[in-house]
Amino acid sequence: MKNMHEKIRVRFAPSPTGPLHIGGVRTALFNYLFAKKHNGDFLLRIEDTDQARYVSGAQEYIMNSLKWCGIEVDEGINEGGNFGPYKQSERKEIYKKYIQILLDNKSAYYAFDTPEELDAMRKKLEKSGSSVRHYNFQTRKEMKNSFTLSEDEVKQKIKNGHPYVVRFNIPENEEITVKDIIRGEIKVNSSQLDDKVLFKSDGLPTYHLANIVDDYLMQISHVIRGEEWLPSLPLHVLLYRSFGWENKMPEFAHLPLLLKPSGKGKLSKRDGDQLGFPVFPLEWKDSETNETFTGYRESGYLPEAFINMLALLGWTPEGDREILSLEDMIAEFDLNKVHKSGARFSPEKAKWFNQQYIINTPDEKLTDLLLPEIEKRFPDVDVLYVEKVIGLVKERMQLLTDFYQQASFFFETPKEYNQKVVKKRWKEDTPKLMSEIYDILKNIPEIKFTTEYTEQAVKTFIEKNELSFGKILNPLRLVLTGTGGGPHLFDIISAVGKEETLFRIEKGIREIKK
RNA sequence: GGUCCGUUCGUCUAGUGGUUAGGACGCCGGGUUUUCAUCCCGGUAGCAGGGGUUCGACUCCCCUACGGACUGCCA
């Protein structure tokens with residue numbers, strides 16, 4: 001099959017039925033990577049043909065999510081383009097025109113069955129033990145449609161405003177071979193397919209019709225979507241044929257699904273909050289239930305880490321490299337290297353990616369990201385001081401939000417002391433030793449209160465008195481930070497300054513008791 | 001139930017007939033840091049099972065098992 005399209009054009013076509021979950025983000029990302037790799041266009045099309053499931057705010061949420069991820073849309077509602085409108089609810093007239101073509105060439109037909117009648121038909125088939133439960137070449141003979149009703153009856157019903165749908169006339173016993181870039185050739189017999197509704201009684205098309213018409217009209221060259229669409233691929237191919245567009249048919253690639261971290265099934269909306277990790281890129285508030293779902297952004301992930309992690313779920317670049325920028329990914333992306341099987345999402349690895357990115361992000365940039373929130377907690381902080389602190393603690397942050405527990409003692413005197421550390425490090429003679437350190441530090445002039453100088457002074461004291469380093473350094477750390485860990489001790493001392501250091505030592509001696 | 005898709009360490013994966021089956025996360029141990037983290041070194045652990053094809057199968061074919069998707073006037 002030759003690709004008839006001179007220009008690569010792909011689309012991400014979500015339904016605004018709620019927040020985009022990370023599987024959707026990955027689909028968008030792969031579309032974007034593929035487009036950019038081949039100097040093509042990436043379009044965003046909103047598929048809102050189901051007004052019953054429409055959720056307000058979802059469309060904006062989708063756009064904001066892509067933006068946060070650094071996925072730039074070339075054509076869409078906000079960006080414009082020559083193939084609009086990019087929202088299906090605004091394309092009603094177009095679909096009406098195209099469904100008529102199918103009706104005229106007998107590829108589609110009218111059906112008048114009520115939901116109850118359809119339900120009864122399916123129940124009956126199930127009860128009879130039949131393997132097929134579809135509305136198809138067989139069962140349609142017993143239902144109310146263009147095959148069982150006379151042409152006049154059909155016309156009359158429509159004229160009288162009787163609700164109807166338009167169904168696809170699937171041929172009987174025809175071997176259909178479809179090609180998927182990731183999975184190769186797939187063969188299906190048309191008798192297994194059902195006469196899908198293409199046009200609903202509310203005057204709007206279903207996904208299948210709208211999708212094919214729009215992809216054709218928008219000159220989409222490659223359809224890259226989730227694996228859940230694979231079963232309807234034969235139907236879509238048949239639709240292209242019925243329109244006579246087979247030579248303009250896009251190529252298809254069905255992406256493997258994202259699975260739960262443990263247990264069965266694909267990742268779902270609920271998993272995140274139950275298992276303690278986000279499934280949405282951005283925070284989402286459900287306006288109906290007032291529930292809030294956390295997002296990667298709010299949890300302290302860097303977008304670059306987030307998309308890097310996502311990209312490697314189902315795709316591997318050449319070589320052993322795992323840390324890749326968006327540009328790297330574009331350069332390396334290859335649909336043929338996308339896997340066939342579903343990938344289990346790992347929160348642990350997601351954190352690891354984020355940590356790598358935090359470590360490699362310049363202090364200045366991290367400061368920009370964190371400053372607004374830091375200022376809320378500690379008003380009047382000095383920007384340069386914050387930047388310095390970030391430099392000292394960033395390698396022990398997995399999430400941006402870890403900053404507060406890692407660095408609070410740089411901004412405020414410890415309120416309490418970790419009892420485990422107290423027990424282990426605070427001995428009988430510690431208060432006396434601490435007060436000696438107090439005196440030493442007190443004698444250092446303000447201007448010489450640097451990391452190097454204070455360190456030298458304390459070490460000299462230790463050596464002169466033939467003490468162990470741990471005996472001094474550990475309790476000193478405790479009074480300064482309240483805990484047993486953290487950056488280099490003398491970096492902390494010089495950062496908080498002479499006055500505060502002395503105050504903390506004095507406070508520690510006074511408050512810490514065994 | 002039916003149709004289709006899939007199956008390499010716990011997880012993400014490399015691997016396309018001949019490899020000591022490689023890497024990463026996690027976990028464990030060691031070193032550096034007299035702290036924690038980072039970093040470095042080492043260890044742990046895998047081709048779902050059964051038949052073929054072949055001189056030779058993780059790689060090709062079939063069956064079974066398991067997993068997944070779909071089976072709506074939802075996408």
Side-chain angles (χ1 to χ4, degrees), chain A residues 13-17 47-50 52-53 111 113-115 118-119 122 125-126 129-135 163-167 178 180 182-184 186-189 191-194 196-208 210-211 225-234 254 256-257 259 261-262 264-266 309 312-316 318-323 337 339-353 355-356 359 392-398 402 406 421 425 462 468-474 476-478 481 483-489:
Chain A
S15 218
T17 55
E47 308 220 331
D48 58 342
T49 55
D50 183 6
R53 290 212 305 156
D113 318 279
T114 64
L118 288 168
D119 197 44
R122 290 188 185 110
L125 286 166
E126 195 179 337
S130 164
S131 62
V132 178
R133 293 164 196 178
H134 297 150
Y135 203 114
Y164 69 89
V165 299
V166 178
R167 284 182 180 275
V178 298
D180 181 275
I182 296 167
R183 282 149 222 282
I186 297 159
K187 290 187 179 64
V188 186
N189 189 292
S191 296
Q192 301 293 343
L193 271 28
D194 62 343
K196 277 271 184 275
V197 171
L198 298 178
F199 207 79
K200 300 180 283 183
S201 57
D202 64 3
L204 284 166
T206 59
Y207 170 85
H208 305 290
N211 202 256
R225 73 229 299 192
E227 193 187 343
E228 68 268 27
W229 293 109
L230 196 55
S232 45
L233 180 54
H254 290 86
L257 261 19
L259 274 19
S262 60
K264 287 184 173 188
K266 67 170 179 178
M309 173 274 290
L312 296 201
L313 249 26
W315 171 67
T316 324
E318 205 76 49
D320 281 341
R321 217 145 61 102
E322 289 200 287
I323 302 296
K337 297 209 74 179
H339 314 139
K340 295 176 166 70
S341 51
R344 229 179 246 284
F345 170 75
S346 162
E348 289 305 318
K349 190 120 188 200
K351 278 189 187 167
W352 177 80
F353 271 110
Q355 184 176 40
Q356 296 301 307
I359 290 171
L392 292 174
V393 303
K394 69 173 181 179
E395 62 195 25
R396 60 211 89 209
M397 290 162 57
Q398 283 198 308
D402 287 340
Q406 291 296 338
V421 181
R425 310 292 194 193
I462 292 169
S468 77
F469 282 82
K471 203 165 172 52
I472 297 300
L473 266 27
N474 287 320
L476 189 53
R477 173 178 294 281
L478 178 66
T481 69
T483 71
H488 185 58
L489 183 55

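Checking B:C74 for Watson-Crick or G-U wobble geometry (two distances, each under 3.5 Å) identifies no partner in any strand. For B:A45, there is no paired base (Watson-Crick or G-U wobble, both distances below 3.5 Å). Nucleotide B:A65 is matched to B:U7 when pairs are restricted to Watson-Crick or G-U wobble geometry with both distances under 3.5 angstrom. Across all strands shown, B:U33 forms no Watson-Crick or G-U wobble pair with both distances under 3.5 Å. Base pairing annotation: B:U38 forms no Watson-Crick or G-U wobble pair, as no partner gives both donor-acceptor distances under 3.5 Å. Using N1 to N3 plus N6-O4 or O6-N4 for Watson-Crick, or N1-O2 and O6-N3 for G-U wobble, each under 3.5 Å, B:U59 pairs with nothing. Across every strand in view, B:U53 sits unpaired, with no contact that passes the Watson-Crick or G-U test at under 3.5 angstrom.
Each of A:Ser468 and A:Glu318 was assigned the nucleotide of RNA chain B with the nearest heavy atom; the assignment lying further toward the 5' end belongs to A:Glu318. Between A:Leu193 and A:Pro256, the residue anchored closer to the 5' end of RNA chain B is A:Leu193, taking for each the nucleotide with the nearest heavy atom.
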- Message: Walk along nucleotides 67-75 of chain B from 5' to 3' and tag each nucleotide B, S or - by protein heavy-atom contact under 4.0 Å, base first, then sugar-phosphate.
- Response: SSSSSSBBB
- How would nucleotides 36-48 of chain B be written as a contact map, 5' to 3', with B for base contact, S for sugar-phosphate-only contact and - for no contact, using protein heavy atoms under 4.0 Å? BBSS---------
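To the nearest whole angstrom, the two P atoms, one in B:G2 and one in B:G72, are 16 Å apart. Distance check on atom C1': B:C62 versus B:C41 gives 47 Å, rounded to whole Å. Across the C1' atoms, B:A14 and B:U19 are found 12 Å apart, a figure rounded to whole Å. One P atom belongs to B:C70, the other to B:U64, and the distance between them is 24 Å to the nearest Å. Comparing B:A48 with B:U8, their P atoms are spaced 6 Å from each other, to the whole Å. Taking the P atom of each, B:A24 and B:U33 are spaced 25 Å apart, rounded to whole Å. For the C1' atom pair drawn from B:U20 and B:U53, the interatomic distance equals 27 Å after rounding to whole Å. Comparing the same atom, P, in B:C28 and in B:C36 gives a spacing of 15 Å after rounding to whole Å.
Considering only residues two or more places apart in sequence or on other chains, A:Arg183 meets the salt bridge (charged side-chain N to carboxylate O under 4.0 Å, His left out) condition with A:Glu227. Every residue two or more places apart in sequence or in another chain that forms a salt bridge (charged side-chain N to carboxylate O under 4.0 Å, His left out) with A:Asp50 is listed here: A:Arg53. A:Lys349 is linked by a salt bridge (charged side-chain N to carboxylate O under 4.0 Å, His left out) to A:Glu322, counting only residues two or more places apart in sequence or in another chain. Every side-chain hydrogen bond (donor to acceptor under 3.5 Å, both in side chains) that A:Asp113 has, sequence neighbours left out, goes to A:Tyr135. Scored by the side chain to side chain contact (heavy atoms under 4.5 Å, CB included) test, A:Asp119 finds A:Lys123 as partners (sequence neighbours excluded). A search for ring-ring contact (aromatic ring centres under 6.0 Å, His included) contacts involving A:His208 returns A:His236, not counting sequence neighbours. In terms of the side-chain hydrogen bond (donor to acceptor under 3.5 Å, both in side chains) criterion, residue partners of A:Asn189 (sequence neighbours excluded) are, by chain and number, A:Asn173, A:Glu175, A:Ser191. Remark: A:Tyr207 engages A:Asn211, A:Arg225 in a side-chain hydrogen bond (donor to acceptor under 3.5 Å, both in side chains) (not counting sequence neighbours). Looking at residues two or more places apart in sequence or on another chain, you find a salt bridge (charged side-chain N to carboxylate O under 4.0 Å, His left out) between A:Asp194 and A:Lys196.
Residues A:Lys337 and A:Thr316 form no side-chain contact, since every pair of their non-hydrogen atoms from C-beta on lies 4.5 Å or further apart.
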Every protein N/O lying under 3.5 Å from an N/O of nucleotides 8-11 of chain B:
none

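Rounded to a whole Å, the CZ atom of A:Arg225 is 14 Å from the C1' atom of B:C5. Across the protein-nucleic acid pair, A:Lys340 atom NZ and B:G15 atom C1' stand 13 Å apart, rounded to whole Å. Between the CG atom of A:Asp320 and the C1' atom of B:G15 there is a distance of 12 Å, given to the nearest Å. Atom CD of A:Gln192 is separated from atom C1' of B:C5 by 15 Å (rounded to the nearest Å).
A:Arg477 places no side-chain N or O within donor-acceptor distance of the main-chain N or O of A:Thr483, the cut-off being under 3.5 Å. Judged by distance alone, the side chain of A:Thr206 and the main-chain N or O of A:Val197 form a donor-acceptor pair under 3.5 Å.
Nucleic acid contact for A:Gly314: sugar-phosphate only, since backbone atoms but no base atoms lie under 4.0 Å from a heavy atom of the residue.
Note on A:Thr316: a side-chain N or O is less than 4.0 Å away from OP1 or OP2 of B:A14.
Here the CG-OG1 distance, from A:Leu476 to A:Thr481, works out to 9.5 Å after rounding to the nearest 0.5 Å.
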